[in-house]
Amino acid sequence: MAPSRTPLSSLAVAASVVSGLLLLSGCGGSSAAEGGEDAGKLKVGVLFPGSLSDDGFMGSAYLGYQRAAKKHDGAVEFSKVEQVATADYEKALVRFATTSDLVISIGGQTDADVRNVAARFPQVKFAEIGGPADGKPLANLSLYDPQQAEGAFLSGAAAALLSESGTVGFIGGAELPAIVNAAEEFSRGAEAADPGVKVLAPQYVGDFNDVAKAKQSALADFGAGADVLGQVLNLGHKGVAQAAGQRDGSLIGGPIAHECGSDPAYAGYVETDIGAEIEYAVDHLVAGDWKAEAVHFGLTFEEPHNDIVLCDTADPAVGEKLDELKRKITAGEITTR
């Protein structure tokens, strides 16, 4: 797994925002206003609230950022900022809005700020990835739903099918609408796979990146009889893995899948390509047909970006049941939101 980084202080982040996000640019260069060699390029700024090395939601999004930068090298200038304190979201978004054609925010925790800033800069295009699934776009704000609920449904189903104790649990980073909904879908998925399974009440750590608190929550669930846990965390999933190792339990990882066996605590992985949505936004910006819209990715999109990968299960019935549930989601027989 990628190593974690020490979070920047709010003061340090604010200073970096004020001094200019172009210093953190993935592709560098001067702004169009300065008339530099990149004056003809489109400008895209991306706010990553968490760590790019979280091996989770932010890490998955960053992979798409890198692909988009490579694909549109010479046509688009990319800038980014990571590990931004909640109080500094607005500052970062405003700074991007003053220099960019398209501003992308990652994570539902940015929803209120990106809506506020988008309204103040109507000439700039904005996209939010991972906000409320039922949110409404603005005239210049697109909402991209990575279908965390869909991934959570599959995670719940896998947890129930792999559980030997008959009890499973879910841990979320914060009690945001999208995460609460994911917890509900985890429960629905578990019960769809095994109507007799016991699903513990979801726990919300209060911070997607707090490894110690996530570990405490996981230990509590294992102590309550669960042996497989689902999660929607960033760096915090490392704490769940630590707890699993201590209590002979396991968890469903993701959204980045790793080679099975690299960490025995992982019973499987939800595989969700968050970064595909950055590529989608930039591709349409370059093509000149970007529009403010709500787009739901996942199994029902033309290029599915959700899957479930199981590790070390010798029972073919488990995989067959999960394939059946995926077919039902694709066919619309099961809906998740």
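A quick note: this is a predicted structure, and the numbers were derived from the prediction, not measured.
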Heavy-atom side-chain proximity of K215 to Q246 below 4.5 angstrom
yes
Verify whether one side chain among D283 and H72 offers a donor that lies under 3.5 Å from an acceptor in the other.
yes
Salt bridge or not for D73 and K70, using N-O below 4.0 Å?
no
Pair K326 + D307: basic N to acidic O under 4.0 Å:
yes
Kindly say whether the aromatic ring centers of F208 and F57 come within a distance under 6.0 Å.
no
Heavy-atom closest pair, residues V168 and A159
CG1-O, 3.6 Å
Of the options D101, I278, L285, which is the one that meets V44 in a side-chain contact (heavy atoms from CB on, under 4.5 Å)?
L285
Would you list the pairs meeting salt bridge (charged side-chain N to carboxylate O under 4.0 Å, His left out) in which at least one residue belongs to residues 186-209, sequence neighbours left out?
E185-R188
salt_bridge(E324, K321) N-O dist < 4.0 Å:
yes
With heavy-atom distances below 4.5 Å as the criterion, would you say the side chains of S250 and D227 are in contact?
no
Cluster overlap L299 with I256, hydrophobic side-chain contacts below 4.5 Å:
no
Do Q231 and I252 have side chains that approach each other closer than 4.5 Å (heavy atoms only, starting at C-beta)?
no
If you look at every heavy atom in G172 and I179, which pair is closest and at what distance?
CA-CG2, 3.8 Å
Hey, are D111 and R115 close enough for a salt bridge, meaning a charged N less than 4.0 Å from a carboxylate O?
yes
Could you tell me whether the side chain of N306 and the main chain of T272 form a donor-acceptor pair under 3.5 Å?
no
List in chain and number order the residues that pass ring pair (Phe, Tyr, Trp, His ring centres under 6.0 Å) with H284, two or more places apart in sequence or in another chain; answer none if no residue qualifies.
Y280
Would you be so kind as to tabulate the donor-acceptor pairs closer than 3.5 Å made by side chains of residues 116-132, with sequence neighbours excluded?
| unit_1 | atom_1 | unit_2 | atom_2 | d |
| --- | --- | --- | --- | --- |
| N116 | ND2 | E90 | OE2 | 3.4 |
| R120 | NH1 | E90 | OE2 | 2.6 |

Would Y266 and L251 count as a side-chain contact (heavy atoms from CB on, under 4.5 Å) if you check the C-alpha gap in whole Å, the side-chain angles of each, and the deciding distance to 0.1 Å?
CA-CA 5 Å; Y266 290 83; L251 73 151; 3.6 Å; yes
